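Heavy atoms only: backbone and side chains are in, while hydrogens, waters and symmetry mates are out. All chains are named by letter (A, B, ...) in the order of the sequence lines, taking the proteins before the strands, and each is independently numbered beginning at 1. Fair warning: this is a prediction, and the values are worked out from it, not measured in the lab.
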Amino acid sequence: MRWLAAAVFPLGNRRLCLVFRQQLTTVITNRKIKRRKSGVFTDEEQQSRWWEEEKREDGVKWSTLEHKGPVFAPPYERVPRNVRFFYDGKPLDLTEETEEAATFYAKMLNHDYCTKDVFNNNFFKDFRKTMTSKEKEIIKDFRKCNFQEMFEFFQAESEKRKAATKEEKLVKKNENEALIKEYGFCMIDGHKEKIGNFRLEPPGLFRGRGEHPKMGMIKRRIQASDVSINCGKDSKVPPPPSGSRWKEVRHDNTVTWLASWIENVQGQVKYIMLNPSSKLKGEKDHIKYETARRLDKVIDKIRATYRDEWKSKEMRVRQRAVALYFIDKLALRAGNEKDEDQADTVGCCSLRVEHVQLHKELNGKENVVVFDFPGKDSIRYYNEVEVEKRVFKNLELFMEHKKEGDDLFDRLNTQVLNEHLKELMEGLTAKVFRTYNASKTLQSQLDLLTDPSATVPEKLLAYNRANRAVAILCNHQRSVPKGHQKSMENLKEKIKAKRDAIDDCEAEYHDLKKAAKRGSMKEKINSDKKGKQLERLKEQLKKLELQETDRDENKTIALGTSKLNYLDPRISVAWCKKNGVPIEKIFNKTQRTKFLWAVHMADENYRF
DNA sequence: GCAGGTACTTAGAATAGGCACG
DNA sequence: CGTGCCTATTCTAAGTACCTGC
């Protein structure tokens with residue numbers, strides 16, 4: 001089977017897509033037959049193969065766009081009369097709106113959020129805003145509110161859902177599928193594409209991460225009159241729910257969103273956009289990795305330049321050079337400024353003096369910088385890094401006469417940095433370094449860790465370890481999964497059982513072999529069979545042991561984020577092809593649809 | 001230069017779903 | 001043939017980046 005691989009070359013301002021034919025032979029090309037006997041196209045074929053087409057220039061994102069509009073959150077349903085809200089020990093009837101707000105809190109009663117004062121205070125403030133004056137008169141003290149019955153009701157509801165019969169679940173499933181079929185897709189430039197989030201966010205309590213000052217505030221219900229629709233000029237405008245109107249209908253083909261609204265807690269615009277499998281997203285993703293590969297061509301020069309600038313007379317230039325060094329070496333995020341009313345987190349440019357500690361010597365290393373700061377999502381970044389002496393000296397200089405709360409790089413921000421980066425390479429920004437170093441690390445780790453003669457499970461451990469190296473670089477963490485310890489114990493149990501089985505099998509094999517030596521054909525066959533069984537058991541044991549290592553190493557590390565956002569998928573595709581590893585061992589279905597372009601574009605010789 | 005606005009990518013947690021196992 | 005567990009999917013918050021208008 002033949003596939004097309006495309007390479008992109010800069011040509012003046014434009015990019016021209018050149019197409020090569022290439023013979024691919026490995027596992028990945030063993031795809032389902034795509035044309036049905038009837039000649040009807042399958043979904044896959046309906047999708048555009050944008051990677052084989054010419055690219056659109058300028059800021060225009062599409063020519064035609066038609067969709068059905070967003071799906072609204074289901075209307076509030078009152079809880080049964082016997083499910084009561086208690087105030088000061090006594091049941092209290094609430095008006096519908098107040099009751100709904102109470103259920104928002106009740107649903108979270110067993111959550112950690114409810115132990116936080118900020119959360120409770122914010123909730124109570126908004127809760128009171130929804131109350132009638134009568135209710136306000138009574139409900140004055142949050143500590144006297146009791147949501148327990150409501151909480152138990154929702155727990156029971158959830159149990160009920162889980163315990164539903166097969167038939168009931170099937171009905172639900174079918175309803176959901178019908179909804180997706182109707183609202184989950186749009187037509188864009190003649191192709192049917194999946195929408196990412198076609199449901200409007202339901203009302204509830206705002207769950208800010210970390211020490212967010214707004215956690216617990218009520219996210220209000222979105223009405224049609226809050227929603228802006230974006231679609232093609234000549235397409236059918238999605239009908240708003242009867243009796244309502246959209247806030248606005250526009251036809252802006254320089255943006256990719258289908259609908260938007262302003263969320264009330266932070267005042268941010270929220271969007272309905274396409275699924276990652278779409279052409280629009282895929283093309284952008286491809287460009288992202290091509291930009292990172294262009295960085296590879298100039299990285300040596302850039303590194304030499306910033307090292308040189310550590311000596312600059314200009315403080316601004318020195319700070320820029322040191323910051324860039326961190327971004328490059330440690331894959332730090334750019335670090336935009338943030339508002340007061342958000343959680344206090346930082347990235348490189350927004351580091352403050354309290355986030356770094358300088359040690360002339362630490363644990364046998366010299367010139368050590370200890371980073372300790374809350375990053376995106378308030379995930380802690382902790383790293384003890386040995387740096388060049390010059391960097392160390394510069395940091396001492398930057399920190400002179402500063403106190404806690406002062407910016408480390410007081411002459412620098414992300415705009416200044418990115419303006420500089422643009423000079424070094426077209427399209428270069430701080431985040432390109434993260435993509436570049438992540439993909440580069442995967443490639444080099446795969447080279448290092450893959451033993452061509454290893455078994456597939458061993459190769460998979462190598463792949464996961466390479467992936468893990470990237471996740472560690474990018475500081476992609478997760479909380480230890482619930483029941484991790486138990487799951488490890490189970491695995492150990494399984495391993496023990498397997499070992500016992502092997503022992504038994506070995507003993508039997510030994511006896512049979514003896515019997516076979518002097519014995520008949522039948523005994524020989526039996527002995528051979530046992531031998532095969534033993535082999536199989538040993539293989540299974542090996543696999544379990546590899547799984548154990550992998551799972552434990554992965555306890556607090558999240559691999560998904562880097563796989564989805566930082567690793568050029570063509571590296572993985574090429575690795576699979578080269579090593580005879582089926583692609584589905586490393587990409588699940590979602591990832592395979594997102595990265596379909598890469599599966600087609602990369603052969604086993606692809607290098608990042 | 002900077003404040004505010006817009007559009008898009010990246011992020012971990014929550015939840016749904018499906019599959020292996022007894 | 002459930003059920004308990006793990007993986008996949010969904011959800012939406014939180015970033016980056018760049019634009020505009022002073």
Side-chain angles (χ1 to χ4, degrees), chain A residues 59 61 107-108 111-113 158 161-163 165-166 169 172-173 176 180 184 196-202 204 206-210 212 214-215 219 228 230 252 254-257 260 262-263 265-276 280-281 284-285 288 333-339 342-343 345-350 374-379 413-419 421-422 427-435 438 471 474-479 481-484 486-487 490-491 494 547 551 556-566 587-594:
Chain A
K61 306 286 168 57
K107 283 177 180 167
M108 295 183 68
H111 201 286
D112 227 25
Y113 275 118
S158 150
R161 264 197 307 279
K162 269 183 237 158
T165 64
K166 248 187 192 158
K169 281 183 181 167
K172 265 254 167 77
K173 197 178 167 196
N176 192 241
I180 294 172
N197 56 326
F198 59 90
R199 288 171 220 265
L200 296 172
E201 291 172 16
F206 176 73
R207 296 152 96 109
R209 310 266 172 87
H212 197 116
K214 294 192 170 185
M215 64 167 78
K219 254 171 61 155
S228 297
N230 192 34
D252 183 353
T254 67
V255 297
T256 66
W257 55 268
S260 71
I262 293 172
E263 162 267 345
V265 174
Q266 310 216 76
Q268 288 171 346
V269 188
K270 298 269 191 160
Y271 301 95
I272 286 187
M273 287 190 189
L274 295 177
N275 186 271
L280 235 31
K281 296 286 187 190
K284 200 83 186 296
D285 212 31
K288 175 179 78 184
R333 294 186 186 83
N336 283 316
E337 287 101 306
K338 294 185 76 184
D339 290 340
Q342 294 173 296
T345 64
V346 297
C348 186
C349 294
S350 51
K376 181 176 179 181
D377 293 307
S378 294
I379 298 290
N413 60 36
T414 54
Q415 295 90 289
V416 170
L417 178 65
N418 281 336
E419 246 160 67
L421 293 177
K422 205 163 35 184
L428 187 61
T429 64
K431 114 185 164 76
V432 177
F433 283 85
R434 237 167 114 79
T435 311
C474 294
N475 200 38
H476 291 142
Q477 300 190 30
R478 60 168 183 177
S479 42
K482 210 172 90 205
H484 171 80
K486 186 163 186 331
S487 123
N490 287 346
L491 210 47
K494 262 186 174 175
Q547 206 183 347
R551 191 175 295 175
T556 61
I557 299 168
L559 298 186
T561 305
S562 49
K563 203 184 260 189
L564 227 47
N565 300 301
Y566 288 102
F587 287 158
N588 65 34
K589 205 174 115 220
T590 315
Q591 290 159 346
R592 288 199 301 279
T593 34
K594 170 167 177 174

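- A:Pro374 comes within 4.0 angstrom of nothing in the nucleic acid, heavy atoms only.
- Between A:Val255 and A:Lys288, the one whose closest nucleotide on DNA chain B sits nearer the 5' end is A:Val255.
- Applying the side chain to side chain contact (heavy atoms under 4.5 Å, CB included) test to A:Ala334 and every residue at least two apart in sequence or in another chain returns A:Thr414, A:Ala430.
- DNA chain C is contacted by both A:Gly208 and A:Gln591; A:Gln591 maps to the nucleotide lying nearer its 5′ end (nearest heavy atom per residue).
- With sequence neighbours excluded, the residues forming a salt bridge (Lys or Arg N to Asp or Glu O under 4.0 Å) with A:Lys219 are A:Glu201, listed by chain and number.
- For C:dA14, the OP1/OP2 oxygens have a side-chain nitrogen or oxygen of A:Gln266 closer than 4.0 Å.
- Rounding to whole angstrom units, CZ of residue A:Arg333 and C1' of C:dA13 are separated by 13 Å.
- Listed by chain and residue number, nothing satisfies the salt bridge (Lys or Arg N to Asp or Glu O under 4.0 Å) test with A:Lys107 (two or more places apart in sequence, or in another chain).
- Under the rule for a side chain to side chain contact (heavy atoms under 4.5 Å, CB included), the partners of A:Arg333 that lie at least two apart in sequence or sit in another chain are A:Lys376, A:Arg434.
- Note on ring orientation: taking the six-membered ring where Trp is involved, the planes of A:Phe206 and A:His212 are perpendicular (angle over 60°, cut-offs 30° and 60°).
- The separation between A:Phe587 atom CZ and C:dT7 atom P is 17 Å, rounded to whole Å.
- The shortest distance between the side-chain N/O atoms of A:Lys270 and the OP1/OP2 oxygens of C:dA13 is below 4.0 Å.
- When DNA chain B is scanned 5' to 3' for any atom under 4.0 Å from a heavy atom of chain A, the first and last hits are B:dT6 to B:dC21.
- Looking at heavy-atom distances under 4.0 Å, A:Ile379 makes contact with sugar-phosphate atoms alone, never a base.
- The shortest distance between side-chain heavy atoms of A:Leu417 and A:Cys349 falls below 4.5 Å.
- Residue contacts for A:Lys219: at a heavy-atom cut-off of 4.0 Å it reaches the sugar-phosphate backbone alone, with no base atom in range.
- C:dA8 atom C1' lies 15 Å from atom NZ of A:Lys594, rounded to whole Å.
- One atom, CG of A:Asn197, and another, P of C:dA13, lie 12 Å apart when rounded to the nearest Å.
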So which protein nitrogen or oxygen atoms get under 3.5 Å of nucleotides 17-21 of chain C's nitrogens or oxygens?
{"residue": "C:dA17", "atom": "OP1", "partner": "A:Thr429", "partner atom": "OG1", "Å": "2.7"}
{"residue": "C:dA17", "atom": "OP1", "partner": "A:Ala430", "partner atom": "N", "Å": "3.2"}
{"residue": "C:dA17", "atom": "OP1", "partner": "A:Lys431", "partner atom": "N", "Å": "2.7"}
{"residue": "C:dA17", "atom": "OP2", "partner": "A:Asn418", "partner atom": "ND2", "Å": "3.0"}

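- Remark on DNA chain B: of its neighbouring residues A:Gln477 and A:Arg161, the 5'-side contact belongs to A:Gln477, judged by nearest-heavy-atom nucleotide.
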